[in-house]
Amino acid sequence: MKKKLLSVVLAATMVFSLVACGSSESNSSAEGASSESVATTTDASGDVAPAGDGAVTGTLKLGLIGPLTGGAALYGTACANAAQLAVDEINAQGTGLTVELNAQDDEHDAEKSVNAYNNLKDWDAQAIVGCVTTTPCVAVSAEAYADRMFMLTPSASSTSVTEGKDNMFQLCFSDPNQGSASAQYIYDNGLATKVAIIYNNADAYSTGIYQTFKAKADEIGLEVVSETTFTDDTANDFSVQLNAAKDAGADLVFLPIYYTPASLILQQANTMGYAPTFFGVDGMDGILDIEGFDTSLAEGVLLLTPFAADATDDLTVSFVNSYKSAYGDTPIQFAADAYDCVYAIVAALNFYAEKNGALNVDGMSYDELCEILISVFSDPNFSVDGLTGEGMTWTAKGEVNKAPKAVVIKDGAYAGM
Amino acid sequence: MKNVLKKWTSLSKNSRDGFINYGIVIVFFVIFQSLLSTKSLSNSLSGQLVPICVYVVVALALNLVVGISGELSLGQAGFMGVGAFTGVIVSTCLQSSISNGPIRLIFAIIFGAMIAGIAGLLIGIPVLRLRGDYLAIVTLAFGEIIKNILNCLYVGVDSHGLHFGMVDIPSLGMEADGITIINGPMGAVGITKISTFLAGIILVILTLVIIQNLINSRTGRAIMAIRDNRIAAEACGINVTKYKLIAFVTSAAIAGAAGALYGLNFSTIVPKKFDFNTSILILVFVVLGGIGNIRGTLIAATVLYILPELLREFADYRMLIYAIVLILVMLVTNNEKAKQLINRVLVKLKLRKAKEGE
């Protein structure tokens, strides 16, 4: 009895201590934010007069939705971190525009994502960066379409995300583009004669890319000799799939999957002495950061990604440095996408203000802002230079136009091709 | 007034409990509906109303198997998934012929319940011959099988009717104007949202009516007799498999109905949602509400569904606190001392009331 009582008391103290530190933290951050915004508003009022023509002023409340916990947490936290970085940079510039960011967790689940979205609406978010993953994004974008809330997703790549919704824009390639671009790239560069595909048929992202890759390969005459599948529950042993590819004589294995199963495939292919070229897509990004993974196994792996952390242009270098110093980690492509998202939205506001005169976003309703942002993003003259591409423009359908880039893993790091 | 009171006290404890449960649901509805219509409810909470109804219904259905029939079933989410996808198919097919949302929703829920009930029957016949741990393991396996079948199911509709396939969409051989309804692991996308809070509450009340009347019927007593002592029940001539099957199929059908409501509340659903984790979540609602306790399940499902959303301000600590709260609830509800304390307080209150009455 005493033991039970003790455990109750202990658990209770745990809750209260957590609540206490949680609330004190949120209080202090809220205080910080408010004092900051007070400081900047005084700044802004000083700035408004000189920057009167065509400047954007006020506080923009941006919401971000992504998986901050659970299996896909790496993507969500990378996006939240990078977006915060972009927001801090913009606020430090002191242009009169301050941005507030609120990142909410969706656990990579459509239902939780809608809850997160509603939560952000209660916070008076004016536009959403997100969702990070595809399935939640489809659910939330339908809600946002009904509400007229603007959304720009860093990484939800399915076409069903944007289909029929004029308020929804993507910063990443859509799945059909990725699949067909990969097939085209392999074919154009003569990387292989016989291709094997291993994909996750329980995953919308993986299946989507597989379908468009297959269609494009059939169209251009790239020979696909083996197609094998796995699901999340069977993502431990790939010997069957690899043997099938080996027996069919494939000299390139296309892996439209996330990096965790991909790392296992590389390990198992190595133990069975099978060494074809492996070709991945943007989900493969992050493979070098897996703890305990021997990066020499990934040597020579090709992947299609719009961002390489070791690129030498100024923008990438400064981003990677500040990301590293803030979070102690090399940013993955998702981080770069989210960083670009924040800048793209701010650039869109500036673009609008230059055309139509000063814009004060303070307390502007989200549907009003949505119409402004839609008009800018579907304007063919609006383009953004970001980490993940130069001169990015958007179609009215919401898809981005930018050039695909392939990188190869060399000496444990990405190298351009 | 006095007559009503007299009638109330003359009712059996069971029926009084039943009416209190209806009352709780109706009061919940009235409060939230009035808050909704005056727009004083936060977006966050108003978005959760339909899922709350769904989880309450599924948890009540699971309570029928776990609490009343005494069998541990770990595949409840599978039946919910069957109902969800059936509901979406029915709703999409009827979209052109029935433009009225609520009527379409009724059809979707009925069909969802029917197909899930059939799935429950097919699974129940072999499974319910097992006992204890084996039964739990096999229901778990069947839940996963349902999820995996849904994962490779492709359904489309065109002017010739429905097309089913297990390979991919092009192999369905649809006409050019065909609509893809279910696209394998990508699930159903672009569902028209027709679920409403009112429909959810009606479903909760219907479920309560079905389950409470079943429990207090001859069939229900037979089911509980099997739970309490299988050998004695068999000796009395009760057909064990039949009565267990009744509870199991009813539970599956109700879960299917809730699934249809769930599927039509979001613009997309994926088979992955209806996996083992969701089954366990529902089981947690039942266990923490008190196995076999209907009112407990009602309250536990509601509170535990809202809780993670209320904890959003703790950001990173959210799920940690949620877990600790679950442990606390378990400890307190199972603690004899805590129970005695609550009982003592209740008795004292009653005594005071009685004294005041004098």
Side-chain angles (χ1 to χ4, degrees), chain A residues 1 4-5 7-8 11-12 14-15 18-19 21-23 25-26 68-70 103-105 107 109-112 114-122 134-143 145-147 158 160-161 163-164 200-208 211 214-215 229 231-233, chain B residues 42-48 51 54 144 147-148 151-152 168-170 183-187 189-193 262 265-273 275-278 305-306 308-309 311-321 324-332 334-338:
Chain A
M1 193 55 26
K4 261 192 184 166
L5 215 68
S7 52
V8 171
M14 265 170 94
V15 170
L18 276 176
V19 169
C21 70
S23 59
E25 191 181 45
S26 62
L68 304 178
T69 59
Q104 287 295 339
D105 183 16
E107 301 165 38
D109 180 297
E111 179 193 333
K112 303 278 162 55
V114 171
N115 287 345
Y117 168 74
N118 284 327
N119 194 285
L120 285 172
K121 259 169 69 188
D122 288 332
T134 295
T135 306
C137 200
V138 177
V140 173
S141 63
E143 299 286 320
Y145 177 67
D147 290 339
S158 167
S160 51
V161 169
E163 232 162 33
N200 181 347
N201 68 346
D203 184 62
Y205 164 79
S206 190
T207 319
Q211 283 169 357
K214 182 77 173 41
T229 62
T231 65
D232 293 323
D233 309 320
Chain B
S42 71
N43 289 311
S44 172
L45 215 56
S46 52
Q48 289 173 54
V54 170
E144 289 294 293
K147 186 196 85 183
N148 282 318
N151 241 338
C152 32
D168 56 10
I169 287 294
N183 191 1
M186 284 181 250
V189 173
I191 305 162
T192 327
K193 233 177 109 164
Y262 180 86
N265 186 47
F266 296 99
S267 66
T268 179
I269 47 166
V270 286
K272 217 176 177 174
K273 175 73 201 172
D275 64 355
F276 175 59
N277 287 332
T278 309
Y305 185 78
I306 299 179
E309 295 304 315
L311 294 174
R312 270 195 188 276
E313 49 183 303
F314 300 117
D316 291 349
Y317 301 104
R318 186 164 70 105
M319 294 324 270
L320 192 63
I321 296 180
I324 296 172
V325 169
L326 289 192
I327 296 171
L328 261 181
V329 172
M330 251 183 288
L331 286 175
V332 170
N334 280 323
N335 190 316
E336 283 302 318
K337 272 237 169 98

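The sequence lines fix the lettering, A, B, ..., with proteins before strands; numbering per chain opens at 1.
Among the candidates A/S206, A/G208, A/A139, the residue making the largest number of heavy-atom pairs closer than 4.5 Å to chain B is A/A139. Chain B forms the most heavy-atom pairs under 4.5 Å with one residue out of A/N201, A/L68, A/T229, A/N115, and that residue is A/N115. Of the listed residues B/E309, B/M319, B/R312, B/Q48, the one with more heavy-atom pairs under 4.5 angstrom with chain A than any other is B/R312. Across A/A116, A/S160, A/A146, A/A103, the residue that shares the most heavy-atom pairs under 4.5 angstrom with chain B is A/A116. In terms of heavy-atom pairs under 4.5 angstrom with chain B, the leader among A/N200, A/T135, A/T69 is A/T135. Ranked by non-hydrogen atom pairs under 4.5 Å with chain B, the options A/L120, A/V140, A/N119, A/T134 are led by A/N119.
Proximity to chain B is limited to the side chain of A/V114, based on heavy atoms less than 4.5 angstrom apart. Using a 4.5 Å cut-off between heavy atoms, B/F276 makes no contact with chain A at all. Residue A/A215: no heavy atom, backbone or side chain, is found under 4.5 Å from chain B. When heavy atoms are compared at a cutoff of 4.5 Å, B/N183 approaches chain A solely by way of its side chain, counted from C-beta outward.
Taken from CD in A/E111 to OG1 in B/T278, the straight-line distance is 8.0 Å, to the nearest 0.5 Å. B/I191 CD1 to B/T268 OG1: the interatomic distance, rounded to the nearest 0.5 Å, is 6.0 Å.
No hydrogens or angles considered: nothing links the side chains of B/S44 and B/S42 as a donor-acceptor pair under 3.5 Å. At a cut-off of 3.5 Å, with distance as the only test, no side-chain donor of A/T207 or A/Q211 sits close to an acceptor on the other residue.
A salt bridge does not link A/K121 to A/E143: none of the charged side-chain nitrogens sits closer than 4.0 Å to a carboxylate oxygen. Salt-bridge formation is detected for the pair B/K273/A/D109: a Lys NZ or Arg NE/NH1/NH2 atom is positioned less than 4.0 Å from an Asp or Glu carboxylate oxygen.
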Take B/N265 and B/K193 through the side-chain contact (heavy atoms from CB on, under 4.5 Å) test and state the conclusion after the steps.
CA-CA 5 Å; B/N265 186 47; B/K193 233 177 109 164; 3.8 Å; yes
